[in-house]
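Read the numbers this way: they start at 1 and go in the same order the structure lists the ligands and their atoms.
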Amino acid sequence: MTATAVLRRMLTWFRPHRWQVVASLIIVVITVPLGVANPLLTRMVIDQGLLNGDVGLLTLLCVLMVVLGVTSSVLNVGNVALTNIVGQRVTTSLRATVYGRAQSQELAFYTEESTSEVQARLVSDIEGIDRFVTGTVHQALGSLTALVASGIAMLMLSWQLALLSFSLAYVLALLNHRFAKRRQDLARQRQRHVTSLLRFAAEDLSLGGVILGRTLRRSGRQLERFVEVCRQLGEITVRQRVVGATAYVIIGASFACVPPLVYWVSGTAVSGLSTGTVIVMVILQMQLSQPIQSLLQLSSGLHVSLAKFERVIQYLDLPEPRPIDEGRAPVPGAGISLTLRGVGHRYGDGRDVLGGIDLDLPAGSVTVVRGRTGSGKSTLGLIIAGLLRPATGTVQLDGAGDAELRDVATIVPQHTTLFDASIRENLMFAREAVTEEDIHRVLAAVRLDDLVSHLPHGLDTPIGVEGLQLSGGERQRLAVARALLADWQVLVVDEVTSALDGVTSDEVYDALRVYCAGKTLVIIAHRLPRIDPTDQVVLVDRGAGTVTPGSRAG
Ligand SMILES: Nc1ncnc2c1ncn2[C@@H]1O[C@H](COP(=O)(O)OP(=O)(O)OP(=O)(O)O)[C@@H](O)[C@H]1O
């Protein structure tokens with residue numbers, strides 16, 4: 001993507017705030033004449049007030065200079081407020097859009113993209129854009145004002161000296177442009193290393209990561225890996241800063257030559273300049289260095305910012321699947337039937353995981369899915385829950401009106417996700433308007449009521465990061481209880497009792513049957529639950545789904 005295209009996309013995010021941007025520019029324009037007046041007043045102070053000894057004029061000029069200074073400071077504060085308001089609004093809408101886009105992707109996105117990559121774009125990349133807009137751009141606007149004001153004043157004082165300064169500024173701008181490109185490449189590389197650093201920290205410093213490191217005696221290797229990324233990040237950071245510093249040193253050194261040059265040109269090539277004019281010209285020339293450097297910084301800041309925005313655009317341009325209709329009420333009535341015909345799946349690596357599955361899941365049915373490990377049971381579960389689109393075949397829905405499968409189905413996956421919050425908050429994620437009675441009912445169903453009644457803070461007991469303050473079996477049951485509180489017509493439970501003893505496991509499945517009366521229940525389990533004569537038992541065998549003999553065929 002070219003820099004212009006990225007910039008154009010970036011500017012579209014500022015369009016809703018164009019009036020604030022216009023107001024900010026108006027303030028900038030107002031401050032230009034104030035900036036021009038100052039050096040002209042200074043020349044009058046020197047030539048007419050000080051050298052001519054006109055005290056009355058001197059007092060008047062000094063008062064005027066103070067008034068102008070105060071006015072321009074007040075305007076400057078107003079501009080800071082405006083720029084920050086715009087910056088924060090753009091940041092918020094960018095974050096909301098990127099979050100929403102990432103959230104609505106197909107499941108493959110989450111298996112291919114690391115969590116830290118998503119976090120980096122959402123947090124540091126967008127923050128970089130904000131810093132650029134509210135910091136660098138604002139500073140640059142001030143510099144531009146100063147530069148234009150100084151430029152006009154210089155032209156009014158001596159056009160010959162002014163042209164000399166402008167030529168020098170142009171050469172320096174070209175030089176800086178070359179450095180900026182290099183810094184942009186380094187910024188991209190640096191961001192990749194920051195993402196790796198985040199990923200290693202998140203993986204290795206989690207409970208699982210630490211246990212893995214200690215038990216496999218690879219903690220040293222984990223540290224080495226982390227330090228290696230830190231070292232590479234350090235190297236890139238040094239290179240990035242040295243390139244930046246080199247640019248500023250060259251520019252700074254060039255500016256050191258300016259005063260002698262002005263004195264020399266004033267004394268040789270240009271005649272008739274007053275003492276005040278020469279002094280003010282030198283002051284202006286020196287003052288020119290700061291805004292020019294800051295504008296040059298804007299150009300390199302812009303390149304770094306464009307690199308960050310380009311990464312954000314990659315997420316903004318992700319396909320936008322239809323969002324789940326969360327407001328849709330569960331379809332009442334006779335329940336929902338599913339008909340799978342020739343359903344097959346293949347993940348990104350091209351291996352066929354499922355092939356040609358024909359399966360009927362009538363409303364009110366209970367289907368138990370069995371099969372060897374890796375045979376594709378979870379994949380089938382995700383397809384039935386509407387989270388994975390089958391590569392081949394069809395899944396037909398009856399009794400759901402115009403709702404799609406993912407609007408009416410839910411799954412309790414093999415790996416539960418619990419939040420670092422209380423039991424109550426975890427349950428309420430499924431349904432906010434839940435009564436105390438509902439909560440106790442689902443907890444009793446999964447046999448967690450006894451545990452909760454013995455906890456010091458009952459339902460308000462925190463369960464720690466990923467629920468790790470609970471046992472594996474308690475975590476599984478809490479996840480099932482939470483799912484029971486949600487609205488659905490089709491429920492898939494994937495190995496949700498693998499950590500339970502046989503008796504408790506059967507009790508949980510029995511409770512599920514009661515909750516699912518009239519709805520469609522799919523149980524994926526290695527260890528068979530108690531089978532009811534009306535249950536359908538499906539064997540997923542090397543990709544092909546078959547209904548085992550002796551059980552009720554759908
Ligand atoms: N996201 C993925 N990307 C690529 N391959 C995958 C992905 N998820 C699963 N697989 C592969 O698909 C096959 C079936 O996996 P699946 O999880 O559906 O099996 P399963 O029968 O549920 O296994 P288990 O009983 O061990 O849980 C496996 O070979 C697995 O390696």
Practice task
Please lay out, stage by stage, how Q476 and T416 fare under the test side-chain hydrogen bond (donor to acceptor under 3.5 Å, both in side chains).
Solution key: CA-CA 6 Å; Q476 285 184 326; T416 52; over 6 Å; no
Handout entry: Protein residues having a heavy atom less than 4.0 Å from any atom of ligand 1
Key = T111, Y347, R351, V353, R372, T373, G374, S375, G376, K377, S378, T379, Q414, H526
Problem - Single hit among R225, R218, R221 for salt bridge (charged side-chain N to carboxylate O under 4.0 Å, His left out) with D204 - result: R225
Exercise for the section: Only counting residues at least two apart or in another chain, list the ones meeting salt bridge (charged side-chain N to carboxylate O under 4.0 Å, His left out) with R475. Expected result: none
Completion exercise
Contacts of R447 meeting salt bridge (charged side-chain N to carboxylate O under 4.0 Å, His left out) (sequence neighbours excluded), chain-then-number -> E507
Exercise for the section: Could you list the residues that satisfy salt bridge (charged side-chain N to carboxylate O under 4.0 Å, His left out) with D130, not counting sequence neighbours? Expected result: none
Handout entry: side-chain hydrogen bond (donor to acceptor under 3.5 Å, both in side chains) assessment of Y347 paired with T379
Key = CA-CA 10 Å; Y347 285 105; T379 306; 3.0 Å; yes
